[in-house]
There are 2 protein chains.
Amino acid sequence: MNSQAAVSVKRIADSTVRRLSAYLRFLEDFEGRGLMTISSEELAKRGGTTSAQVRKDLSFFGSFGKRGLGYSVPELAGRLREILGLGREWKIVIVGAGKIGAALAQYRGFRQRGFSILAAYDNNPEKIGRKLEDIPVRDIDQLERDIEREKPDIAVLTVPAEEAQSVVNRVVSVGVKAILNFAPTQLHAPADVTVKTVNMAMELEGLSFALTNRE
Amino acid sequence: MNSQAAVSVKRIADSTVRRLSAYLRFLEDFEGRGLMTISSEELAKRGGTTSAQVRKDLSFFGSFGKRGLGYSVPELAGRLREILGLGREWKIVIVGAGKIGAALAQYRGFRQRGFSILAAYDNNPEKIGRKLEDIPVRDIDQLERDIEREKPDIAVLTVPAEEAQSVVNRVVSVGVKAILNFAPTQLHAPADVTVKTVNMAMELEGLSFALTNRE
DNA sequence: ACATGTGAACTGCTTCACAGCG
DNA sequence: CGCTGTGAAGCAGTTCACATGT
């Protein structure tokens, strides 16, 4: 009934997208083992959720299963890649070539999923001109010029908290619409810019809370 | 009316705890600037939420404000530290001394909030016996023995995805009740063990989805 | 017979709106 | 009067349960 792949008729919840991402990982695992079909129940068990949740998540995008049978592993994997926008290559710049920036630059998970790192930026003259693995470290003064020319899709922020908002303003001013923030600070950006923050301090405090408040 | 500090009468939502953590950060910022009181409205603006949300979040734990005035910055900061369990020192072990493990070992945010890293563990003989900054890298074979002796509160996992579940099983078997997982995989643990996962691949896919599905 | 797809019921987080109190 | 604290209302995400299709 619904032939288009990624129709967001309704607004899709963040939690749903995260689960789709998890399902895709399991499917790739199953694909590697040569399994051809999988049920919502099996997918649910792996992902720590329920079969109804799996079916509901998928139903926002179409009807990919066969009643009485389950889902075709390769087909569903393909559909999920389409839905998640993993069919194309996304270009990334890393802003901040400190410890975390360097670790990310060398993280192989990026490439594996079609994320290609163009460059890292820093203001430290010691680092500018060097390479992280095979990624050039450039002067942060070039940031806007380079972005306008190379049009990266995503900016990854690994600068100190105090500088993060100013970097957001700079990359947004030259058209970046997606930001992955590792600085432990709340960022403000226009509504058409998606910001995801990974905040280790916050996660640790969540663990501290959990350890403290259980009877 | 409610004299105890951290009474979880109701189950506190994860989202609430994350916001409390954010409020504390802002309060520390205000404290540094010598400001003495703050309203729920100001706290909300900074945190990208609403004043009602701030008041509701705090109301789960008591009545810390003064009507017509707002909150005392130092008092509220103290209360939040108490609620989040930041009054004491938490002991951490890092399992996996790869790029990310090394970056975390050197991350100053841990110490600042009272998280003290005891050691890192790896199975690579090249790394065992060395130090990351001033944190010893030990043989992962010692993991259980050391945990039983040193009783760390939190295990941070920076091992490959394939090994993550087995490390969970090992640390849980010797009493660890809180895990911060950086491996891109779904982990299963007993109900009394809190697991938080930081999954960069998932965040990136969330950005990919957002970039793909907007009209 | 079996597993999907989906309206309906439910649960729980967020927002509203105002009473309460400094 | 101003801002907190909080029941009540509203809304969104999850779970239920069953009709549907193979």
Side-chain angles (χ1 to χ4, degrees), chain A residues 1-5 7-23 26-27 30 35-73 75-76 79-80 83 206 209, chain B residues 1-3 7-23 27 30 35-73 75-77 79-80 83 206 209:
Chain A
M1 194 148 272
N2 193 345
S3 62
Q4 274 181 62
V7 246
S8 335
V9 172
K10 276 188 149 190
R11 173 143 210 85
I12 303 298
D14 213 69
S15 49
T16 297
V17 178
R18 300 177 69 83
R19 283 191 299 268
L20 293 178
S21 186
Y23 303 155
F26 307 146
L27 286 166
F30 278 107
L35 293 163
M36 290 312 283
T37 65
I38 189 169
S39 67
S40 57
E41 186 56 48
E42 294 170 280
L43 230 23
K45 211 181 300 166
R46 279 280 221 122
T49 181
T50 66
S51 60
Q53 181 75 81
V54 172
R55 296 197 299 276
K56 184 64 102 183
D57 287 340
L58 297 176
S59 77
F60 294 130
F61 303 94
S63 305
F64 310 132
K66 283 164 195 38
R67 287 164 200 252
L69 237 169
Y71 301 87
S72 152
V73 171
E75 188 202 324
L76 186 54
R79 294 303 192 110
L80 288 177
I83 291 164
F209 178 83
Chain B
M1 193 147 270
N2 193 344
S3 62
V7 246
S8 338
V9 172
K10 276 187 147 189
R11 172 144 212 84
I12 302 299
D14 213 69
S15 48
T16 297
V17 179
R18 300 177 68 84
R19 282 191 301 267
L20 294 178
S21 185
Y23 303 154
L27 286 166
F30 278 108
L35 292 163
M36 290 312 284
T37 65
I38 189 168
S39 67
S40 57
E41 186 56 47
E42 293 169 280
L43 230 22
K45 210 182 299 167
R46 279 280 221 124
T49 181
T50 66
S51 60
Q53 181 76 80
V54 172
R55 295 197 300 276
K56 184 65 98 183
D57 286 340
L58 297 176
S59 78
F60 294 130
F61 302 94
S63 305
F64 310 133
K66 282 163 195 42
R67 288 163 199 252
L69 236 168
Y71 301 87
S72 152
V73 170
E75 189 201 323
L76 187 54
R79 294 302 191 111
L80 287 178
I83 292 164
F209 177 83

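Chain A is the first sequence line, chain B the second, and so forth, proteins listed ahead of strands; every chain is numbered from 1. FYI, side chains are in, hydrogens and waters are out, and symmetry mates aren't considered; it's all heavy atoms of this structure.
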For this session: List the atom of A:Thr50, the atom of A:Ala44, and the distance in Å for their closest heavy-atom pair.
Result: C-CB, 3.3 Å
Exercise. Minimum heavy-atom separation for B:Gly206 to A:Val17, with atom names?
Worked result: CA-CG1, 4.1 Å
How many Å lie between [atom1] on [X] and [atom2] on [N], as a whole number?
| X | N | atom1 | atom2 | answer |
| --- | --- | --- | --- | --- |
| A:Asp14 | C:dC13 | CG | C1' | 15 Å |
| B:Arg19 | C:dT15 | CZ | C1' | 12 Å |
| B:Phe60 | C:dG12 | CZ | C1' | 10 Å |
| A:Phe61 | C:dT4 | CZ | C1' | 17 Å |
| A:Tyr71 | C:dC2 | OH | C1' | 13 Å |

Exercise. Phosphate oxygens OP1/OP2 of C:dC13: is one of them under 4.0 Å from a side-chain N or O of B:Thr16?
Worked result: no
Exercise. Does any residue of residues 40-59 of chain B have a heavy atom under 4.0 Å from DNA chain C, and if so, which ones, in number order?
Worked result: B:Thr50, B:Ala52, B:Gln53, B:Arg55, B:Lys56
Distance check, rounded to the nearest 0.5 Å: [X] atom [atom1] versus [Y] atom [atom2]?
| X | Y | atom1 | atom2 | result |
| --- | --- | --- | --- | --- |
| A:Phe209 | B:Thr16 | CZ | OG1 | 8.5 Å |
| A:Leu76 | A:Tyr23 | CG | OH | 10.0 Å |
| B:Ile38 | B:Arg46 | CD1 | CZ | 7.5 Å |
| A:Ser15 | A:Arg18 | OG | CZ | 9.0 Å |

What side-chain donor-acceptor pairs closer than 3.5 Å can you find for residues 61-73 of chain B, not counting sequence neighbours?
{"unit_1": "B:Ser72", "atom_1": "OG", "unit_2": "B:Glu75", "atom_2": "N", "d": "3.2"}

Exercise. Along DNA chain D, 5' to 3', what are the outermost nucleotides having an atom less than 4.0 Å from a heavy atom of chain B?
Worked result: D:dG2 to D:dA8
Exercise. Can you tell if the side chain of B:Leu43 reaches within under 4.5 Å of the side chain of B:Thr49, non-hydrogen atoms only?
Worked result: no
Problem set entry | Residue closer to the 5' end of DNA chain D, A:Lys66 versus A:Ala13 (nearest nucleotide) | A:Ala13
